[in-house]
Amino acid sequence: MAAKTADELSKLALNGAATKQPNPQVSGTNGVNGHLSDQDDSDDDKDDDPTTATANGSGANPASGAAKKKKKKKPKKKKASGPKVQTDPPRVAIKDLFPGGVYPVGEEVEYKNENSFRTTSEEKRHLDRINNDFLQEYRQGAEAHRQVRKWCHAHIKPGMSLTEIAEGIEDSTRALTGHPGLEEGDNIKGGVGFPTGLSINHIAAHYTPNAGNKWILGEKDVMKVDYGVHINGRIVDSAFTVAFDPKYDNLLNAVKDATNTGIREAGIDVRVCDIGAAIQETMESYEVELDGKTYPVKAIRNLNGHDIIQHSIHGGKSVPIVKGGDQTKMEEGEIFAIETFGSTGRGYVTDDLEVSHYALRADAPNVALRVGSARSLLNVIKKNFGTIPFCRRYLDRLGQEKYLLGLNNLVSAGIVEAYPPLVDVKGSYTAQFEHTILLRPNVKEVISRGDDY
């Protein structure tokens with residue numbers, strides 16, 4: 001999910017490869033311990049059946065005097081165990097593609113300088129090994145994100161509606177995580193990590209279509225695709241930008257390069273302000289020519305990366321994308337979304353347009369709600385999303401109706417946070433790239449890294 005603005009961050013106070021295993025079942029076996037028996041009881045029954053006797057009333061062959069030999073029963077063929085490759089659109093759960101429960105590792109980057117000792121430190125390696133369950137949950141979500149991205153790259157085209165694109169991403173995410181999200185509490189266990197951001201041109205972040213949205217993606221548009229996947233609240237936050245006209249290539253290259261710079265500079269005990277300075281220097285070394293006019297690529301100074309904690313997409317730390325400011329250090333065991341935004345406009349965003357993104361505040365005040373619809377809606381939000389962000393389409397999907405008054409009341413009471421779309425000046429173009437990194441004790445893992453970016 002896109003970075004919070006500096007104002008939003010000041011309000012925030014949250015508490016807080018793969019090996020395929022053979023199928024052990026063998027169908028069609030009889031006898032003890034699954035071994036195929038040499039005899040079949042049904043043949044014995046046939047010997048006693050009077051219809052199998054000879055004309056002289058004897059079951060024996062009168063010519064040979066020998067009893068009829070029993071035929072061994074052939075073992076049944078194994079039934080097909082189902083698809084072991086992903087479908088199009090993606091509908092095979094990741095856990096079925098990796099039945100051993102071991103998922104692909106992200107890009108591992110060794111720490112450098114004063115932290116280089118961590119790679120070979122047995123103590124740090126031991127600390128890393130005991131985090132296996134946590135890592136497998138994250139890697140499962142990351143693999144789902146990558147496979148949904150593959151669908152995105154193949155299918156997102158001009159002429160598609162934003163609703164069609166968003167629902168294609170979200171339906172695939174739910175299928176790959178095995179959490180449709182319709183049963184109470186299911187989406188808290190896994191599934192969609194936050195609403196799919198489809199922010200076009202001067203809209204930098206936090207735009208997803210509400211019901212009835214008619215926006216169609218155009219050939220000259222630049223669209224940020226920002227979506228999350230989670231398993232047990234371990235949210236993988238990763239984003240990319242699509243553009244169909246090569247004139248935007250330098251804008252996209254600038255932001256991708258800046259994000260990779262941030263990933264390279266990030267690490268244990270690194271000050272986030274130093275990361276921001278490196279990001280800005282990289283991004284603003286680019287310029288882009290659009291229709292005969294040259295624009296410098298500016299880092300959007302009031303958007304930031306952020307840390308991620310379980311069940312909450314925004315923790316208490318931010319990672320700036322410009323120099324100066326926060327001296328906070330990254331720490332061992334933390335998870336960060338390193339995301340950068342570039343713009344051909346003024347490099348500063350403000351709230352605008354219709355709100356679609358919301359999230360229950362972890363530090364929500366306990367206040368009396370006088371509006372009955374607000375009380376009932378709060379119950380729905382707590383049971384179905386917890387502190388995982390949601391959008392109005394998700395409430396529609398659960399069958400909620402006429403909820404806007406109650407939702408606005410929850411926002412006014414400070415119980416639910418609203419995330420309006422963030423926009424630069426009209427006529428400008430913005431781009432975003434983002435990855436989630438894990439600061440493991442002995443290595444930095446870019447958990448969402450793929451062949452695409």
Side-chain angles (χ1 to χ4, degrees), residues 1-12 156 160-167 169-170 192-218 220-228 237-243 251 255 298-306 313-314 318 321 337 339-361 388-396 403-404 407-408 410-412 416-434:
M1 186 173 177
K4 296 180 72 63
T5 62
D7 289 341
E8 288 173 324
L9 282 163
S10 66
K11 297 189 296 180
L12 194 62
I156 294 178
M160 295 180 71
S161 71
L162 298 196
T163 299
E164 181 183 3
I165 297 169
E167 290 181 349
I169 291 171
E170 291 158 358
V192 174
F194 52 82
T196 302
L198 299 174
S199 305
I200 292 180
N201 299 337
H202 71 294
I203 306 172
H206 295 171
Y207 188 93
T208 200
N210 287 324
N213 187 291
K214 303 297 183 184
W215 199 328
I216 302 297
L217 179 63
K220 299 295 183 181
D221 286 335
V222 177
M223 182 172 71
K224 282 66 63 184
V225 182
D226 186 0
Y227 64 95
D237 185 0
S238 186
F240 58 96
T241 301
V242 295
L251 173 62
V255 182
K298 298 177 183 177
I300 299 180
R301 59 185 181 275
N302 62 330
L303 288 178
N304 306 281
H306 51 90
I313 187 60
H314 291 293
S318 64
I321 63 174
E339 59 182 323
T340 73
F341 296 82
S343 175
T344 62
R346 61 182 178 178
Y348 187 88
V349 292
T350 56
D351 296 348
D352 196 11
L353 306 174
E354 184 179 54
V355 179
S356 54
H357 288 51
Y358 300 87
L360 178 67
R361 295 176 62 102
I388 297 290
F390 62 93
C391 65
R392 286 160 56 175
R393 283 187 295 106
Y394 299 175
L395 295 175
D396 299 335
Y403 53 76
L404 277 180
L407 184 56
N408 290 334
L410 293 174
V411 172
S412 298
V416 167
E417 183 84 19
Y419 296 89
L422 302 170
V423 306
D424 204 330
V425 293
K426 287 185 178 180
S428 65
Y429 295 91
T430 60
Q432 173 197 18
F433 281 89
E434 175 182 24

- Nearest atoms (heavy-atom pairs only) where G193 meets I388: O-CG2, 3.3 Å
- Task: For H357, enumerate each residue passing the ring pair (Phe, Tyr, Trp, His ring centres under 6.0 Å) test, keeping only those at least two apart in sequence or located in another chain.
- Result: H206
- Query: Got a sec, which residues hit side chain to side chain contact (heavy atoms under 4.5 Å, CB included) with V423, two or more places apart in sequence or on another chain?
  - Reply: H202, I203, T350, D352, L353
- Shortest non-hydrogen pair, Q432 vs A204, comes out as OE1-O, 4.4 Å
- Message: Measuring from atom OG1 of T340 to atom CD of E434, what distance do you get when rounded to the nearest 0.5 angstrom?
- Response: 9.0 Å
- Task: Decide yes or no for R392 and Y403: does some side-chain heavy atom of the first lie under 4.5 Å from some side-chain heavy atom of the second?
- Result: yes
- Query: Do N213 and Y207 have side chains that get closer than 4.5 Å, going by heavy atoms?
  - Reply: yes
- Task: Look at the side chain of D221 and the backbone N and O of L217, then say whether any donor-acceptor pair between them is shorter than 3.5 Å.
- Result: no
- With sequence neighbours excluded, what pairs up with Y227 under the ring pair (Phe, Tyr, Trp, His ring centres under 6.0 Å) test? H145
- Close side-chain approach of Y348 and R301, heavy atoms under 4.5 Å: yes
- Message: What's the separation between atom SG in C391 and atom OH in Y419, rounded to the nearest 0.5 Å?
- Response: 13.5 Å
- Show your reasoning for whether side-chain contact (heavy atoms from CB on, under 4.5 Å) applies to V416 and R361. CA-CA 5 Å; V416 167; R361 295 176 62 102; over 6 Å; no
- Would you indicate whether the side-chain heavy atoms of P195 and P389 approach each other to under 4.5 Å? yes
- Between V255 and G342, what is the shortest heavy-atom contact and its length? CG2-N, 3.5 Å
- Pairwise distance CD1(I300) to OG(S343) - rounded to 0.5 angstrom: 5.0 Å
- Message: Pair D237, F194 - check side-chain contact (heavy atoms from CB on, under 4.5 Å), show working.
- Response: CA-CA 9 Å; D237 185 0; F194 52 82; 3.2 Å; yes
- Derivation and outcome, side-chain contact (heavy atoms from CB on, under 4.5 Å), residues L303 and V349: CA-CA 8 Å; L303 288 178; V349 292; 3.8 Å; yes
- Query: Got L407 and Y358 here, is their nearest side-chain heavy-atom distance under 4.5 Å?
  - Reply: yes
- salt bridge (charged side-chain N to carboxylate O under 4.0 Å, His left out) with R393: which residues, sequence neighbours excluded? E170
- Message: Using the side chain to side chain donor-acceptor pair (under 3.5 Å) criterion, which residues pair with K224? Sequence neighbours excluded.
- Response: T430
- Item | Check: L162 and M223 side chains under 4.5 Å, non-hydrogen atoms | yes
- Side chains of Y429 and L251: closer than 4.5 Å at any heavy-atom pair? yes
- Note on the structure: By side chain to side chain contact (heavy atoms under 4.5 Å, CB included), I216 pairs with (sequence neighbours left out) S161
- CG of N201 to OG of S428, rounded to nearest 0.5 Å, is 8.5 Å
- D226 and T196, any side-chain heavy atoms less than 4.5 Å apart: no
- Which value, rounded to the nearest 0.5 Å, describes the distance between T241 atom OG1 and F341 atom CZ? 8.5 Å
- Message: Under a 3.5 Å distance rule, please check whether D424 uses its side chain to pair with a backbone N or O of G347 as donor and acceptor.
- Response: yes
